[in-house]
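Order of the sequence lines sets the chain letters (A, B, ...), proteins ahead of strands, with each chain counted from 1.
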Amino acid sequence: MLNEIAFLLCAALTLAGAVAAMMLRNLVHCALCAAGAFAGLAAIYLQLDAEFVGFAQLLIYVGAIAILIVFTVLLTRGAEIQPGAASSASSWWKGVPVGALVLACLIWSIMASPSLVRLPSPNVHAPVKQIGEQLMNQFVMPLETIGLLLTAALLGAVVIGLREPRTSEPNS
Amino acid sequence: MNGFGIIKGMIETARNFVGSYHDAQRLTTVQYPEQKLPPVENARTIPFLVFDGDDAMAGLRCTACVICEKECPPQCIYIVKDQVKKPDYVGKMQMQPKVFDIDISVCMSCGICVEVCPFDAIKMDQVFELSTGDRFGKLLLDKHQLAKPNDYFVKIHKTEASEIDVRREEDKRKAEAAAAAKAAAPKSPATPGAAK
Amino acid sequence: MTPSLNQYLVLSALLFGIGLAGALARRNAVLVLIGLELMLNAANLNFIAFWRFGPHPEKLMGLMFVLFSIAIAAGEAALGLALVIAIYRHRRTAQVDRFDSLKG
Amino acid sequence: MSGLDQIFVWIGHRAAGWFPASVQPLVSAVLAIAGVMAVFGTCFALTTLAERKVLGRMQNRFGPNRVGPYGLLQPLADAVKMLTKEDIVPFSADKTLHFLAPLVLTVPVWLAFAVLPFGRNMSAINLDAGILFFFAVGSASELAVFMAGWSSQNKYSLVGAMRAIAQMISYEVPLVLSVVPVLMLAGSLELNDIVAAQGTYTFGGLARWNVFTPWGLAGLILFLIAATAESNRSPFDLPEGESEIIAGFLTEYSGFKYALFFLGEYLGLFAVTGLAVTLFLGGWHAPFQWLEWVPSWFWFAAKFGALIFLFIWVRATLPRLRLDQLLNFSWRFLVPLSLINLLVAAAWYWTGAWKFPVVAPIRWLLCAALIALPYHWLGRALRGAMPPPRKYIYAE
């Protein structure tokens, strides 16, 4: 019962955050609501006994990605409500039906599948030590790849973000 | 070596920290309401009116010449002349102020009134605890509040006051001598001016 | 009673739907990225839920997937946002429907 | 020994014992929370006072000594002043975010205390991934600072918030990286395990704390520098540099909300200090074996107090950095050095297997050289990267 209530609270927080992040007009509000949604998801991970992933989610999504988004919003002057913002409401007809359609498909298949009504296996425990050992044995290849990927992403982001030196442009 | 400067700085602050507990030389702070530093002779805050003798209003040196009122840059002095004259220290009849007010919330302590006063009647004070709860009434000082005896002036500005006193003594003596000579010279009939 | 697998999956589907709708409907590039992140998170939630309710939770497969996916999401966000900023410098806008020509 | 040592644990058990068994976990959790909040709340009050007094003494002043004997009631006076002030919200401010920001800063910081072991058997919860939890809840403070700065609709607030975020992101990296060697050598993310790993004594009964190893010493210094920056303290107090941007992101805050920010910043400092004690200074262990009879929580408190004093001392000594110096210092000096420190920790681990006479000093010196040389070179490179000293034309 307590678990159920906790789940509903976290789910409500997540969904409310997600909806707000997609609907609000002020981009900073959107970014902060998205951070709220990410935090709600972290709580749900914790409830699912995935401590490590929950904390990692909090650390990376709330601590890093939300901040990055906020920074970008400020750097692109997105916080100001543009005059064209009203017209963006007119593009809801593109997004919402597609989203609703996909959602309906997913929900239908989830509900239709009888094998999914199952209870969790008892006493699941994911000790950090075991995660670490797995990362170093079975998943060492993906781990190295991720390391390489992140380094490449870091360098790429720096290169893209670098302001190119002002060269004299003849036609501008 | 990198970081060595930081360590040197930290040793310095640590020396202050320890030193301030056993070395009274380091703690130069004066615990104000209980302890006060003796004021320096040249310190000045607001003007006051000097008087001679015991009666403040009778001995006021001010002659209501309104030079200070005219010269005061922020115009904080307000003077009304009295009709009744009174003799000054050499016995000459002089005007006297009926009203002499200084708005010390406006006064900027420049001391120009002191510079221009030909009678050494207005001098700079050293009082500084002037705060009051009444912004409009209590900061407008009248001549009764401004009048302070010459002894006080001597106490706070010793050099200047003694110089002035010497000068005034001399003036007085000269005036007396002149009066005596005047009284002595024409032995004959009446000299109404000297009798007075 | 504890929540069942279905509930987690429905939550995840809702999140995915919201993210998809938002990413398609909103025109600001940053919001599109937030929508993408929400969809990614929905997938992560599925992984965790299936790991927790699956027959072999001690193998930590789902957890590993999510860990890697979070790492990739971080890289993706950094790169995506760097791109948004770079484009903003050229076009002075962050609206995706204005990024319609290849020529800078 | 164990009587006084475990007195708080015992009190907690007895108090929880009065309740029915079904709610006992809840009661003991509430008791732990109440204990932590009471102790660190008091600690906050005392630190604000101590900071002002110590700063005063270091500048040859008295510091506050008016309220109560020796100024001891000053925090009370401050609290009364803070709480009775008018709570001003700017007209154009984003009211919701302006209200939420102090809460978002303060609440997660309290959570961080949950995993710190304050004494033997004295941590509120034993989390498997304790360190990760600590850093995860700490990451919310950046968002809070941003919310405060942006919602105030004041350019000083916004500049302060941007500076704060740039600084926090830059220094979070060395902060976490300097912790990693400890985790590597202890083989656990759980703080109690890390304390236990430092619990043995070597020759002469000297404790085997991490700070007595080359990588531990370097790690502690790196950690403390990064922690100073993370908690926005001088000399890294650019976000609140009052001579430049008024009070940074705090400009538009007053009264209770300002007090909450103040509380949050100090609690953040306490949490990080507690973590430094736990990771590098042996947690609640005594420095010498013959001092083991002193209660464990006393040792924690003593080390904690010493580090807080160190922070105040540094604040009294060093002037504020410039923003480019700040970021260069992090990315060009602290981050590479903490990465090299990882290698040093690995070297320390592998040389632990060496077997020949007088191995201990050789091993120590080797590892110390491994970290000292990069320190020297990086420092010189950093100095080279800085603009040369300013030349004054007229003043000389």
Side-chain angles (χ1 to χ4, degrees), chain A residues 1 3-4 7 11 14-15 18-19 21-22 27 30 34 37-38 41 44-45 48-50 53 56-57 60 64-65 68-69 72-73 75-76 78 88 91-92 94-96 98-100 102-103 106-107 110 116-121 124 126 130-131 134 139 142 146 149-150 153 156-157 160-161, chain C residues 1-11 13-28 30-31 33-35 37-38 41 44-45 48-49 51-53 55 57-58 60 63-64 66-68 70-75 77-79 81-86 88-89 94-95:
Chain A
M1 190 58 211
N3 266 338
E4 183 84 348
F7 168 76
T14 312
L15 288 179
V19 170
M22 292 289 100
L27 284 186
C30 291
F38 296 146
L41 265 179
I44 289 176
Y45 292 170
L48 282 168
D49 297 323
V53 176
Q57 163 98 5
I60 293 173
I65 294 184
L68 269 182
I69 291 174
T72 315
V73 167
L75 283 178
T76 56
S88 79
S91 63
W92 283 116
K94 281 188 278 185
V96 174
V98 177
V102 172
L103 183 63
L106 284 173
I107 300 254
I110 290 167
L116 290 182
V117 190
R118 61 159 85 198
L119 286 177
S121 7
V124 169
Q130 200 186 336
I131 294 179
Q134 292 239 351
F139 293 95
I146 282 283
L149 183 85
L150 284 183
I160 293 173
Chain C
M1 120 178 209
T2 54
S4 69
L5 177 56
N6 263 346
Q7 283 168 297
Y8 289 105
L9 294 187
V10 169
L11 172 64
L14 279 170
L15 210 56
F16 190 87
I18 293 169
L20 182 63
L24 289 177
R26 297 303 295 256
R27 301 189 316 157
N28 193 297
V30 178
L31 280 174
L33 262 169
I34 294 180
E37 294 289 345
L38 284 178
N41 265 299
N44 286 354
L45 177 58
I48 296 273
W51 163 76
R52 183 68 183 79
F53 289 83
E58 72 283 351
L60 305 181
L63 282 190
M64 291 300 160
V66 175
L67 278 183
F68 289 125
I70 287 179
I72 291 175
L79 264 185
L81 294 171
L83 277 173
V84 172
I85 290 175
Y88 176 80
R89 285 214 188 110
Q95 309 285 70

| request: With the side chain counted from C-beta on, respond yes when A:Leu41 and C:Leu15 share a heavy-atom pair under 4.5 Å apart, and no when they do not. | output: yes
| request: Determine whether C:Ile85 and A:Ile160 make a side-chain contact, defined as any pair of heavy atoms from C-beta on separated by less than 4.5 Å. | output: no
Could you check which of [options] has the highest count of heavy-atom pairs closer than 4.5 Å to chain C?
options                     : answer
A:Ala56, A:Ala64, A:Ala50   : A:Ala50
A:Val102, A:Ile131, A:Thr14 : A:Ile131
A:Ala37, A:Pro142, A:Gly156 : A:Pro142

| query | Do any N or O atoms from the side chain of C:Arg52 and from the backbone of A:Asp49 form a donor-acceptor pair under 3.5 angstrom? | reply | no
Point-to-point distance, once rounded to the nearest 0.5 Å, from [atom1] of [X] to [atom2] of [Y]:
X        : Y        : atom1 : atom2 : value
C:Ile72  : A:Ile146 : CD1   : CD1   : 4.0 Å
A:Leu48  : C:Leu45  : CG    : CG    : 7.0 Å
A:Gln57  : C:Ile70  : CD    : CD1   : 5.0 Å
A:Leu15  : C:Ile18  : CG    : CD1   : 5.0 Å
A:Gln130 : C:Leu60  : CD    : CG    : 4.5 Å
A:Met22  : C:Arg26  : CE    : CZ    : 7.0 Å

What part of [X] is in contact with chain C, defined as an atom under 4.5 angstrom from a non-hydrogen atom: side chain, backbone, both or neither?
X        : answer
A:Leu149 : side chain
A:Ala18  : both
A:Leu150 : side chain
A:Leu68  : both

Which heavy atom of [X] sits nearest to which heavy atom of [Y], and what is that distance?
X        : Y       : answer
C:Leu20  : A:Gly99 : CD2-CA, 4.1 Å
C:Ile34  : A:Ala34 : CG2-CB, 3.6 Å
C:Ala77  : A:Ile65 : CB-CG2, 3.9 Å
A:Ile110 : C:Ala13 : CD1-CB, 4.1 Å
A:Phe38  : C:Asn41 : CE2-ND2, 2.9 Å

[X], part contacting chain A, at a heavy-atom distance under 4.5 Å:
X       : answer
C:Ala23 : backbone
C:Val30 : side chain
C:Phe68 : both

| task | For A:Phe7, check ring pair (Phe, Tyr, Trp, His ring centres under 6.0 Å) against everything at least two apart and list the hits. | result | C:Tyr8
| ring pair (Phe, Tyr, Trp, His ring centres under 6.0 Å) partners of A:Tyr45, counting only residues at least two apart | none
| task | Quick one: do A:Leu103 and C:Phe16 satisfy side chain to side chain contact (heavy atoms under 4.5 Å, CB included)? Show the steps, please. | result | CA-CA 7 Å; A:Leu103 183 63; C:Phe16 190 87; over 6 Å; no
